[in-house]
Trainee: 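This is the structure I have questions about; it appears just below.
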2 protein chains.
Amino acid sequence: MARAGLTTDRVVAAAAELADEAGFEHVTLTALARRFGVKDASLYSHVRGLADLRTRLALYAGGELIDRIAWAVAGRAGKDALTAFAGAYRAYAMEHPGRYAATQIRIDQSLIAASPQMRRTAEITYGMLRAYGLREPDLTDAVRLLRSTFHGYCALESAGGFGADRAVQASWDKAIDALHLALTHWPREARPDGDDR
Amino acid sequence: MARAGLTTDRVVAAAAELADEAGFEHVTLTALARRFGVKDASLYSHVRGLADLRTRLALYAGGELIDRIAWAVAGRAGKDALTAFAGAYRAYAMEHPGRYAATQIRIDQSLIAASPQMRRTAEITYGMLRAYGLREPDLTDAVRLLRSTFHGYCALESAGGFGADRAVQASWDKAIDALHLALTHWPREARPDGDDR
DNA sequence: CTCCATTCCTAGACTCTCTAGGTTTCAGCC
DNA sequence: GGCTGAAACCTAGAGAGTCTAGGAATGGAG
């Protein structure tokens, strides 16, 4: 019987394709095995199980996403960088809904800390924000705001959550404008008692 | 044999409890049947299947959420209303992670349009924003920004996405401040510091 | 009391995850 | 060329879950 030539990497890559075609929740070891013309039990030699496959897929997609973002942001600063970051983020979510969904799953905190992709994501995000002259803890707050908005927008959009006629792209552009404005006039602790380093 | 007294409403309510206890993805007809001391096939008299149960749960949770928000926002305006809205939203997501996860699932667009909860949500959201003097299409853009940010923040938080030490509540407060700032100085069409894109 | 719609049941087909243990293939070495 | 060991892939089967089909019990209306 001819071998399918399975490896962990190939299994994860096929899972990524399957996720985009059928949806992340339909990524199944049985379906994946069918795609390779192999029995599902055979996949357990390369992947510890469904949970393992899913977290591998999440890290794989996270790596792809940050690669795209890094490429888009390279050489830009300020609003230019923000727009490029956001555009690359949303484009990936739209082109690869299954992979993007994979990036949303809950992953063991220790795995996140150990993954180079996540560290790279943090670097690039913080780097982009440095142009706005923010300092900790405002920097962390701003990162959280950006991540939340980008993620929330893409999640709602891909879930069909935007019913109104208004073009989704136009609203996205406006959201970026609004975020840029918020970042440039970031509300600091200007209040009488306030002083955070 | 004593009957369990099942009705569609009771099944959905039990599913909501189960979702919060075990997580939305573990809401299963078998588990639900076990909870009622009944065979899983019996539930099919009250619910068309798992998919039907999930969308019913989503609408149920959406109704609860908007009730909480409406109560919190009542009698407030401007930033006060924004803070109350956001606080109620996040509190619900934190108290009922399973139900909140249910509100995120993709639902048939026609069902959304027909549901009174969703119409009520739109009313309250647009009403809150009217204080900022926005007009269409800025109004729709702003609603999408708010929904995205709230949803994204809660999704990331409940998925354990915020690793840094910085308190999550503090970042949330800052995000509200930033959104309020963006809403009060909403970037209208004629941008002075021209940056086309 | 009888009717009968509703409620709940058993039985079983199908899908999927995962384990245990058995073959087959292939690359490198004598 | 033949041996050998590690992968790669297999069969078999337990267990959980969804869902359909059809049968039996319950309880309210007439």
Side-chain angles (χ1 to χ4, degrees), chain A residues 1-60 98-99 101-102 104-108 111, chain B residues 1-60 98-99 101-102 104-108 111:
Chain A
M1 211 163 284
R3 302 209 162 184
L6 299 184
T7 65
T8 301
D9 288 346
R10 259 176 241 180
V11 168
V12 173
E17 285 177 23
L18 181 57
D20 285 338
E21 290 167 21
F24 179 69
E25 69 280 7
H26 294 125
V27 172
T28 236
L29 287 171
T30 307
L32 210 50
R34 239 185 330 252
R35 176 171 284 237
F36 280 113
V38 136
K39 297 294 170 183
D40 62 283
S42 305
L43 297 178
Y44 284 82
S45 309
H46 307 96
V47 141
R48 231 169 304 147
L50 184 61
D52 182 46
L53 175 67
R54 275 171 173 7
T55 73
R56 280 176 194 276
L57 180 51
L59 294 175
Y60 176 89
R99 300 175 199 213
Q104 302 175 220
I105 65 169
R106 177 168 213 136
I107 294 187
D108 191 11
L111 272 176
Chain B
M1 210 162 287
R3 302 209 163 184
L6 299 184
T7 65
T8 300
D9 288 347
R10 260 177 240 178
V11 168
V12 173
E17 285 176 23
L18 181 57
D20 285 338
E21 289 168 20
F24 179 68
E25 70 280 7
H26 293 124
V27 172
T28 234
L29 286 172
T30 306
L32 211 51
R34 235 181 340 246
R35 176 171 284 238
F36 280 112
V38 137
K39 297 294 169 183
D40 62 280
S42 306
L43 296 178
Y44 284 83
S45 311
H46 308 284
V47 141
R48 234 169 302 148
L50 184 62
D52 182 46
L53 174 68
R54 271 152 143 54
T55 73
R56 280 176 194 277
L57 179 53
L59 294 175
Y60 176 88
R99 301 177 198 210
Q104 302 177 221
I105 66 169
R106 176 168 214 136
I107 294 188
D108 190 14
L111 271 176

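Throughout, a chain's letter reflects where its sequence line sits, starting with A, and its residues are numbered from 1.
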Trainee: Considering only side-chain heavy atoms of B:Ser45, which listed nucleotide, D:dC9, C:dT10, C:dC8, is closest?
Mentor: C:dC8
Trainee: Report the nucleotide, chosen from C:dT17, C:dC9, D:dA12, that has the shortest atom-to-atom distance to any side-chain atom of B:Ala41.
Mentor: C:dC9
Trainee: Is it the case that the base of C:dC18 and the side chain of A:Asp40 share a donor-acceptor contact (distance under 3.5 Å, atom types as modelled)?
Mentor: yes
Trainee: When you measure from the side-chain N and O atoms of A:Arg34 to the phosphate of C:dC16, is any distance below 4.0 Å, counting only OP1 and OP2?
Mentor: yes
Trainee: Counting side-chain heavy atoms from CB outward, which of C:dT17, D:dA8, C:dC8 is closest to B:His46?
Mentor: C:dC8
Trainee: Taking the side chain of A:Tyr44 as heavy atoms from C-beta outward, which of C:dT19, D:dT11, C:dC16 is closest to it?
Mentor: C:dT19
Trainee: Got B:Leu18 and B:His26 here, is their nearest side-chain heavy-atom distance under 4.5 Å?
Mentor: no
Trainee: Given D:dC19, D:dT11, C:dC18, identify the nucleotide with an atom nearest to the side chain of B:Leu50.
Mentor: D:dC19
Trainee: Should A:Leu53 and A:Leu32 count as side-chain neighbours, where that means a heavy-atom distance under 4.5 Å?
Mentor: yes
Trainee: Answer yes or no for A:Arg54 and A:Phe24: cation-pi contact, defined as NZ/CZ to six-membered ring centre under 6.0 Å and angle to ring axis within 45°.
Mentor: yes
Trainee: Can you tell me if A:Ser42 touches the phosphate of D:dA8, counting only side-chain N or O atoms and a distance under 4.0 Å to OP1 or OP2?
Mentor: no
Trainee: Nearest whole Å is fine: how far is D:dA21 P from B:Arg48 CZ?
Mentor: 15 Å
Trainee: Rounded to whole Å, please give me the gap between CD in A:Glu25 and C1' in D:dT18.
Mentor: 16 Å
Trainee: How long is the line joining CG of A:Leu32 and C1' of D:dC9, in whole Å?
Mentor: 15 Å
Trainee: Quick one: closest heavy-atom pair of A:Leu29 and A:Tyr44, and the distance?
Mentor: CD1-OH, 3.1 Å
Trainee: Quick one: B:Lys39 NZ to D:dA21 P, roughly how many Å, whole number?
Mentor: 21 Å
Trainee: Indicate, with a heavy-atom threshold strictly under 4.0 Å, whether A:Ala31 touches base, sugar-phosphate, or nothing.
Mentor: nothing
Trainee: Between A:Glu21 and A:Arg35, does at least one N-O distance fall below 4.0 Å, as a salt bridge requires?
Mentor: yes
Trainee: Return the value, rounded to whole Å, for the distance between atom CG of B:Leu43 and atom C1' of C:dT6.
Mentor: 15 Å
Trainee: Report the nucleotide, chosen from C:dT19, C:dT17, C:dC9, that has the shortest atom-to-atom distance to any side-chain atom of A:Thr30.
Mentor: C:dT17
